[in-house]
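Have a look at the structure that comes next, please.
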Amino acid sequence: MRILVVGAGAIGGYFGSRLLAAGRDVTFLVRSRRAEQLRRNGLVVVSPLGNLDLPAPPLVTADDLNSAYDLIIVSSKSYDLEGSIKDFAPGVGPNSRVLPLLNGMRHLDVLDARFGAERVLGGLARISSTLDADGRIQQLGTFNALAFGTRARGSEPLIDAIAATLRVSGFEAHLSSEILHEMWEKWVFIAAAASTTSLMRATVGDILAAGARDIPERLMHECAAIAAENGFAPREAATNAGMAVLTAPGSAFTASMLRDIEQGSRIEADHIVGDLLRRASNPLRTSLLATAYAHLRAYEARRKRESAN
């Protein structure tokens with residue numbers, strides 16, 4: 001099975017490198033700047049689960065993409081999705097499947113409209129990773145898993161072959177019969193986590209030390225209520241796990257969105273928080289989430305103004 005990984009960043013680069021190291025047929029679709037960096041330094045993963053150093057990963061740029069791939073793994077930021085689609089579209093053939101690892105749900109609508117829902121799987125990544133200044137992928141914890149599956153039960157004839165291809169040493173590949181529910185559960189958690197730590201500009205431990213435990217609790221509740229309204233109420237295990245992370249005394253945890261803010265980078269405020277708010281039937285029940293979203297939009301406005309000066 002030929003696999004095209006769109007990008008070689010913290011998410012796609014990590015899972016793609018593990019697949020490549022296991023002997024899978026993987027090619028990375030990258031922009032010219034990243035291609036130069038990878039040709040110079042190789043694709044390097046620094047991980048507590050074992051480092052990887054791939055000196056010559058197979059690369060292709062959009063201008064040279066002229067054949068179809070069986071599986072296309074997309075892990076771009078939401079604000080780069082349209083550009084990514086333009087780049088990888090020539091690699092989508094009649095039997096290709098697209099596996100997006102983006103957060104939220106809106107990207108499914110965009111991909112369905114472009115390629116047809118029958119070609120688009122549900123998927124999510126569970127990993128904390130980042131790129132350092134030299135382009136190396138740094139895994140920040142010990143959890144690393146993919147969940148994926150068909151979005152309509154019994155309608156995906158290739159799913160077993162895809163699952164067999166993705167099952168390699170180095171990470172867990174979970175074929176889920178309820179992938180949309182899992183995606184909603186992750187969305188609830190990351191929206192609450194991003195809103196909590198970005199609004200407070202602090203770690204979970206510092207927020208609890210300030211006596212503000214009610215903030216992550218309220219945000220988890222508001223996000224979960226929206227999911228329930230849309231038919232995907234988080235299950236007890238997911239709720240307990242998320243709440244444990246966001247209310248752990250002394251924890252150094254922060255959402256990646258806060259790290260992006262601290263670096264002055266673009267953020268996925270609209271895709272992760274704004275789109276969730278738009279799916280709420282009663283805005284009065286999401287007042288704290290709306291406040292957090294306004295905070296994120298104010299950051300984006302300031303960043304845009306300062307970039308223009």
Side-chain angles (χ1 to χ4, degrees), residues 10 77-79 102-107 124-130 140-141 183-230 232-234 238-307:
K77 293 288 190 179
S78 62
Y79 46 73
L102 285 74
N103 294 314
M105 290 288 169
R106 193 171 61 191
H107 62 279
L124 59 88
R126 294 187 176 98
I127 187 172
S128 180
S129 57
T130 188
L140 303 179
M183 290 172 67
W184 269 95
E185 287 173 335
K186 183 184 178 186
W187 193 8
V188 165
F189 171 72
I190 63 169
S195 296
T196 296
T197 59
S198 297
L199 180 63
M200 298 299 291
R201 297 290 180 95
T203 66
V204 164
D206 289 340
I207 293 168
L208 265 67
R213 180 189 175 106
D214 62 305
I215 290 177
E217 289 179 338
R218 282 182 58 192
L219 284 165
M220 276 287 290
H221 176 76
E222 290 184 9
C223 294
I226 298 172
E229 287 180 15
N230 286 268
F232 294 96
T239 298
N240 291 343
M243 196 65 76
V245 172
L246 296 182
T247 58
S251 171
F253 174 85
T254 62
S256 60
M257 191 176 295
L258 175 58
R259 296 195 294 271
D260 289 338
I261 289 172
E262 291 174 336
Q263 295 169 3
S265 302
R266 293 184 69 179
I267 59 174
E268 297 178 294
D270 192 58
H271 193 80
I272 291 176
V273 181
D275 190 44
L276 188 61
L277 273 170
R278 283 189 286 272
R279 297 171 192 252
S281 62
N282 188 346
L284 295 178
R285 297 176 183 171
T286 57
S287 59
L288 188 55
L289 188 64
T291 299
Y293 182 46
H295 174 84
L296 296 171
R297 293 189 68 189
Y299 162 77
E300 290 179 319
R302 185 183 68 186
R303 181 180 180 276
K304 182 178 180 179
R305 171 174 50 80
E306 291 176 348
S307 297

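Since this is a predicted model, take the numbers as computed values, not measurements. Values below: all heavy atoms of this structure, side chains included; hydrogens, waters and symmetry mates excluded.
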All N/O donor-acceptor pairs, side-chain side in residues 296-305, below 3.5 Å, sequence neighbours left out:
{"from": "Y299", "atom 1": "OH", "to": "S265", "atom 2": "N", "distance (Å)": "3.2"}
{"from": "Y299", "atom 1": "OH", "to": "S265", "atom 2": "O", "distance (Å)": "2.6"}
{"from": "R303", "atom 1": "NE", "to": "G264", "atom 2": "O", "distance (Å)": "2.8"}

* Note, D260 side chain near K77 side chain (heavy atom, < 4.5 Å) -> yes
* Heavy-atom closest contact (S198 atom, L258 atom, distance) -> OG-N, 3.6 Å
* To do: Could you pull out all residues at least two apart from R259 that satisfy salt bridge (charged side-chain N to carboxylate O under 4.0 Å, His left out)?
  =>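 Testing R259 for salt bridge (charged side-chain N to carboxylate O under 4.0 Å, His left out), a comparison that skips the adjacent residues, returns none.
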* Asked: Who are the salt bridge (charged side-chain N to carboxylate O under 4.0 Å, His left out) partners of E262, not counting sequence neighbours?
  ->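 Partners of E262 by the salt bridge (charged side-chain N to carboxylate O under 4.0 Å, His left out) criterion come out as none, since no residue qualifies.
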* To do: Please report the closest heavy-atom contact between S281 and E229, naming both atoms and the distance.
  => N-OE1, 2.8 Å
Report, one line per pair, each donor and acceptor closer than 3.5 Å where one atom sits in a side chain of residues 239-255; sequence neighbours left out.
{"from": "T239", "atom 1": "OG1", "to": "R235", "atom 2": "O", "distance (Å)": "3.2"}
{"from": "N240", "atom 1": "ND2", "to": "E236", "atom 2": "O", "distance (Å)": "3.4"}
{"from": "T247", "atom 1": "OG1", "to": "M243", "atom 2": "O", "distance (Å)": "2.6"}
{"from": "S251", "atom 1": "OG", "to": "F253", "atom 2": "N", "distance (Å)": "3.0"}

* Structure fact -> Sequence neighbours excluded, the answer for side-chain contact (heavy atoms from CB on, under 4.5 Å) partners of K186 is N103, L124, I190
* Does the side chain of V188 come within less than 4.5 Å of L276's, by heavy atoms? ->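 Side-chain contact under 4.5 Å: no.
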* Can you list the residues that meet the side chain to side chain donor-acceptor pair (under 3.5 Å) rule with R213, with sequence neighbours excluded? ->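 Per chain and number, R213 pairs via side chain to side chain donor-acceptor pair (under 3.5 Å) with E217.
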* To do: Please name all residues satisfying salt bridge (charged side-chain N to carboxylate O under 4.0 Å, His left out) with D270, sequence neighbours left out, ordered by chain then number.
  =>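 Listed in chain order: R106, R278.
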* Asked: Closest approach of V273 and S195, non-hydrogen atoms and distance?
  ->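 In terms of heavy atoms, the two residues are closest at CG2-OG, 3.7 Å.
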* Can you name the closest pair of heavy atoms from A192 and C223 and give their distance? -> N-SG, 3.9 Å
* Structure fact -> Across all chains, not counting sequence neighbours, the side chain to side chain donor-acceptor pair (under 3.5 Å) partners of S307 are none
* Which distance, rounded to the nearest 0.5 Å, do you find between the CG of L288 and the CG of L219? -> 4.0 Å
* Please report the closest heavy-atom contact between S78 and L102, naming both atoms and the distance. =>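 For S78 and L102, the tightest heavy-atom pair comes out as CA-CD2, 3.9 Å.
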* Asked: Is T286 reaching over with its side chain to a backbone N or O of P283, donor-acceptor style, under 3.5 angstrom?
  -> yes
* Asked: Excluding sequence neighbours, so at least two apart, what forms salt bridge (charged side-chain N to carboxylate O under 4.0 Å, His left out) with R279?
  ->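 Scan of R279 (salt bridge (charged side-chain N to carboxylate O under 4.0 Å, His left out), adjacent residues dropped) gives D275.
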* To do: Please check if the side chain of E185 supplies one atom and the backbone of P234 the other of a donor-acceptor pair under 3.5 Å.
  =>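 A pair under 3.5 Å: no.
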* Applying ring pair (Phe, Tyr, Trp, His ring centres under 6.0 Å), name anything that partners W187, two or more places apart in sequence or on another chain. =>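 Ring pair (Phe, Tyr, Trp, His ring centres under 6.0 Å) check on W187 returns W184.
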* **Intermediate values then yes/no, side chain to side chain contact (heavy atoms under 4.5 Å, CB included), E222 and S287** => CA-CA 8 Å; E222 290 184 9; S287 59; 4.0 Å; yes
* Asked: Does any N or O in the side chain of E268 come within less than 3.5 Å of the main-chain N or O of Y79, such that one atom is a donor and the other an acceptor?
  -> no
* Flag if over 12 foreign heavy atoms under 6.0 Å of NE2, H295 -> yes
* Structure fact -> Across all chains, not counting sequence neighbours, the ring pair (Phe, Tyr, Trp, His ring centres under 6.0 Å) partners of H107 are H271
* **Student check: side-chain heavy atoms of I226 and L289 closer than 4.5 Å** => yes
* Are V204 and P216 side-chain neighbours, meaning at least one heavy-atom pair lies under 4.5 Å? ->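 With C-beta onward as the side chain, the pair stays apart.
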* Under the side chain to side chain donor-acceptor pair (under 3.5 Å) test, residues paired with D206 that sit two or more places apart -> T203
